[in-house]
A.B. asks: 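Below you'll find the structure I mean.
The analysis underlying the following values was restricted to heavy atoms, covering all of them including side chains, and did not include hydrogens, waters or symmetry mates. Along the sequence shown, residues carry numbers from 1.
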Amino acid sequence: MARSLTYIIFVGYLFTSVQAFAQSQKCFDFKPVSQFNDEKCSAVRAELQMKDCATGANQGEVSKVFANFECKRPVKRLKYWYKDQMLYGDLEKDGNSYKVVKTYTNPATPSNKTTKASTAKPPLVVGTTKAASLPIPVNLGAGPLDTKSIKADLARDNLKVTPTATPAKEEKVAVASTPAPAPEAAKPSPTPVAVLAPEEVKSAVDISKIKFSGLVDSYYSYNFNEPTSKPGQAAYGASPAKDQQNKLVAPNFYHDSPTLNLLELSWDQKAEPVGFRIDLGFGPISDFVAGTGSDESTRRVMQGYLSYQTPFGLQVDAGKFATHMGFESIEAARNWNYSYSKLFIYALPLWHNGVRATMPVGNNLSISGSVANGWNTFYENNYNKTYGGQIKIKPGMGLETTLNYIGGNETAGVGNSSDNRTVYEGIASYSGLKFLKVAVDYAVAKETMNGSPINQLTSTVFYARLKLGEKFAISPRYEMFSDDGVISTGTLSGYTLGSGQTITSGTLSLDYELGTGLIVRAEYGNDSSSLQAYTNKDGVTGSQSIATIAGLLSF
């Protein structure tokens, strides 16, 4: 009787203590004493120190706990048992470590009911789990206990993480005709182990974090030269630029012809540490970008690559990816103007198939390099690779400087070891003012064959974007483009126009935002060439003016 009374008093005291603990809005510090892997759900040994929320004074002794690290949730968190009560700590990435940003408990956990020893919830422990190869310490975190935690949360967790119960002893019955075996030595109870249910197996990619986006790009353009030719049906795999009416421009190829230019669908997952990106494109721009360097199975994949980020920050991408060169992007919605600059069309590649690596160095510098099969070609067309490099510097105050390089042998076939195509590019931009952004892009491109130069190209492009209220923006662009082509065929150069000429180009774009992600862009552009490079209703001419209106929907 005395023992039962003592037990009842003890249970009542424990229940009262736990209730007071759950409702007193205490704070605590959670400090790990071992390292853990933030990519695998493993346990971590830690110290728990209760504190007074108002004064920050320690209360009671430091308790040793085992915390289970949940890495599969949208919000990573730790959970652990403390005095027969489940506690939680939500984590937030802080540089190369985590900090506890929210701590709470579930007051619905009963502590005044007598349970069998085999079903009692022990501390969550992974008995044989070793410290991870990626050590990430958890910063000290303190926070009030939130007694409004939902019952369903705990119920769901109990389904996912099941502590192994101590097996019951097997009773042995002696048989008269057989001597009873000698009693076995008592075996220690196995260490409780956190067992993951089958649905908890971790995938390399968290499906819940995959982002879906897209772009619809349509336009109508009017060429004031009024070319009489009609756009021809391009052969499959050929660039529509060969059949275009508006000469030496992109992506507004066609005169007096409403055009669905690009439908792009994208899926991407940030590398944590594994990620990917897939861009599928349909329309004239997709064909233009693919050119003759892709076949039927690859031309619709504008980008498709896997990513892996190492523990020290280096990210490696492998597959088909957009080039690092240039200030502009293939998607017009990301640019300040609708049409591309001549530099972007003729001096630079648009994409590569290969491997690239990017490494941040501090907060203001990043370095990247790539090895690819060539320029705008999915398969290798000779026995040589193309190499790219980039240095990006952000000194602050809205300033950014980018230095780009690409070089390699682009002669089809075996080629000569001295054949080479290179581009050196420098980009400077300023975005320190909310209403104004400016940039300048300068590039020099050269090509040699058998050690002798055959082509040289230089281009300077000036950009500006002025915000006129919340919905309007105006973006002027001016370019000086000089292609000193030595040969007239242009078959050996990726950036010659077929004959040496100089083009000056002025463009003015006006944006109006109709709604979130929907932009109407009106543009006027004028090009003047040192040659009779353009067509009109009378034949050829040295200038061309085009007005374009486009609708750009990003979602």
Side-chain angles (χ1 to χ4, degrees), residues 215-225 246 248-256 258-262 264 285 326-345 347-348 394 397-402 425-443 459-481 503-529 534 543-555:
L215 170 66
V216 180
D217 174 352
S218 296
Y219 79 90
Y220 171 83
S221 73
Y222 187 86
N223 189 330
F224 291 93
N225 285 349
N246 302 332
L248 305 181
V249 297
N252 46 337
F253 301 118
Y254 304 119
H255 162 65
D256 194 20
T259 304
L260 173 61
N261 213 23
L262 176 64
E264 184 180 73
I285 281 301
F327 180 73
E328 301 173 23
S329 300
I330 294 172
E331 294 81 1
R334 300 179 183 177
N335 297 332
W336 297 350
N337 306 97
Y338 184 75
S339 61
Y340 302 144
S341 65
K342 306 299 179 287
L343 169 63
F344 188 73
I345 303 173
L348 307 176
K394 297 181 179 180
M397 300 179 64
L399 295 172
E400 182 174 316
T401 301
T402 303
E425 181 183 35
I427 304 172
S429 63
Y430 172 74
S431 58
L433 299 176
K434 183 178 180 180
F435 62 91
L436 178 65
K437 298 179 181 179
V438 294
V440 59
D441 187 348
Y442 175 77
S459 179
T460 305
V461 190
F462 299 94
Y463 303 88
R465 183 170 178 82
L466 178 65
K467 289 283 290 183
L468 304 174
E470 293 297 324
K471 295 183 178 293
F472 285 96
I474 186 169
S475 302
R477 181 182 69 202
Y478 180 75
E479 179 177 14
M480 296 176 291
F481 181 90
I503 300 175
T504 58
S505 176
T507 305
L508 185 65
S509 303
L510 178 64
D511 283 7
Y512 177 71
E513 185 176 345
L514 283 176
T516 303
L518 178 58
I519 295 174
V520 175
R521 180 172 294 171
E523 181 174 284
Y524 175 81
N526 177 265
D527 298 336
S528 297
S529 172
Y534 309 103
S543 64
Q544 175 179 258
S545 295
I546 300 174
T548 303
I549 185 166
L552 303 168
L553 173 62
S554 301
F555 57 90

A.B. asks: Between Glu425 (side chain) and Gly326 (backbone), is there a donor-acceptor pair under 3.5 Å?
C.D. replies: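 Flag set: sc Glu425 to bb Gly326 pair under 3.5 Å.
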A.B. asks: Does the side chain to side chain contact (heavy atoms under 4.5 Å, CB included) test come out yes or no for Tyr340 and Leu348, once each step is laid out?
C.D. replies: CA-CA 12 Å; Tyr340 302 144; Leu348 307 176; over 6 Å; no
A.B. asks: Taking the side chain as every heavy atom from C-beta outward, state whether Lys437 and Ser429 have any pair of such atoms under 4.5 Å apart.
C.D. replies: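 Heavy-atom side-chain distance check fails, nothing below 4.5 Å.
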A.B. asks: Which value, rounded to the nearest 0.5 Å, describes the distance between Leu343 atom CG and Ser505 atom OG?
C.D. replies: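 Leu343 CG to Ser505 OG: 11.5 Å, rounded to 0.5 Å.
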A.B. asks: With a 4.5 Å heavy-atom cut-off, do Ser329 and Phe344 have their side chains touching?
C.D. replies: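 Of all side-chain heavy-atom pairs linking Phe344 with Ser329, none is under 4.5 Å.
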A.B. asks: Does the Tyr534 side chain pair with the main chain of Leu248, one donor and one acceptor, at a distance under 3.5 Å?
C.D. replies: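 No, the answer is negative, given that no donor and acceptor are paired below the 3.5 Å cut-off.
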A.B. asks: How many angstroms lie between atom OG1 of Thr504 and atom CG of Asp527, to the nearest 0.5 angstrom?
C.D. replies: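 Thr504 atom OG1 to Asp527 atom CG measures 8.0 Å (nearest 0.5 Å).
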A.B. asks: Please verify the inter-ring angle class for Tyr463 with Phe327; under 30° counts as parallel, over 60° as perpendicular, anything in between as tilted.
C.D. replies: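 The arrangement is tilted - the two ring planes meet at 30° to 60°.
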A.B. asks: If you measure from CG on Asn335 to OG on Ser509, what distance do you get to the nearest 0.5 Å?
C.D. replies: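 Going from the CG atom of Asn335 to the OG atom of Ser509 covers 9.5 Å.
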A.B. asks: Can you name the one residue among Thr548, Asn252, Asn246 that meets side chain to side chain donor-acceptor pair (under 3.5 Å) with Ser221?
C.D. replies: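 Of Thr548, Asn252, Asn246, side chain to side chain donor-acceptor pair (under 3.5 Å) with Ser221 is met by Asn246 alone.
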A.B. asks: Find the distance between CG (Leu466) and CH2 (Trp336) and round it off to the nearest 0.5 Å.
C.D. replies: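 Output value for this atom pair is 11.0 Å.
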A.B. asks: Could you walk me through whether Phe253 and Ile285 satisfy the side chain to side chain contact (heavy atoms under 4.5 Å, CB included) test, starting with their C-alpha distance in whole Å, then the side-chain angles of each, then the deciding distance to 0.1 Å, before giving a yes or no?
C.D. replies: CA-CA 9 Å; Phe253 301 118; Ile285 281 301; 4.1 Å; yes
A.B. asks: What's the separation between atom OG in Ser554 and atom CG in Leu518, rounded to the nearest 0.5 Å?
C.D. replies: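 Rounded to the nearest 0.5 Å, the OG-CG separation comes out at 9.0 Å.
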A.B. asks: Enter the distance from Arg477:CZ to Ser339:OG here, rounded to the nearest 0.5 Å.
C.D. replies: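 One finds 4.0 Å between CZ of Arg477 and OG of Ser339.
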A.B. asks: Just by distance, do the side chain of Glu331 and the backbone of Leu215 share a donor-acceptor pair under 3.5 Å?
C.D. replies: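 Looks like no, no N/O pair under 3.5 Å.
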A.B. asks: Go through the steps to decide whether Glu328 and Asp441 satisfy the test side chain to side chain contact (heavy atoms under 4.5 Å, CB included), and finish with yes or no.
C.D. replies: CA-CA 10 Å; Glu328 301 173 23; Asp441 187 348; over 6 Å; no
A.B. asks: Do Glu523 side-chain atoms and Tyr338 backbone N/O form a donor-acceptor pair below 3.5 Å?
C.D. replies: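 Judged by distance alone, yes, a pair lies under 3.5 Å.
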A.B. asks: Which heavy atom of Glu470 sits nearest a heavy atom of Lys467, and at what distance?
C.D. replies: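 Minimum heavy-atom contact is O-NZ, 3.5 Å.
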A.B. asks: For atom NZ of Lys394, decide whether the heavy atoms of other residues, nucleotides or ligands shown that lie under 6.0 angstrom number more than 12.
C.D. replies: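 Not buried by this count: 12 neighbours or fewer within 6.0 Å.
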A.B. asks: Which heavy-atom pair separates Asn225 from Ser543 by the least distance, and what is that distance?
C.D. replies: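 Smallest interatomic distance, heavy atoms only, reads ND2-O, 3.0 Å.
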A.B. asks: If every non-hydrogen atom of Arg521 is compared with every non-hydrogen atom of Ala332, which pair is closest and at what distance?
C.D. replies: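 The pair with the smallest heavy-atom distance is NH1-O, 3.1 Å.
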A.B. asks: The test is side chain to side chain contact (heavy atoms under 4.5 Å, CB included); show your working for Val216 and Leu260 and say whether it passes.
C.D. replies: CA-CA 8 Å; Val216 180; Leu260 173 61; 4.0 Å; yes
A.B. asks: Verify whether the ring centers belonging to Phe224 and Tyr222 lie closer than 6.0 Å.
C.D. replies: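 So the answer is yes for these two rings.
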A.B. asks: Which atoms form the tightest heavy-atom contact between Asn223 and His255, and what is the distance?
C.D. replies: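 That closest heavy-atom pairing would be N-ND1, 2.9 Å.
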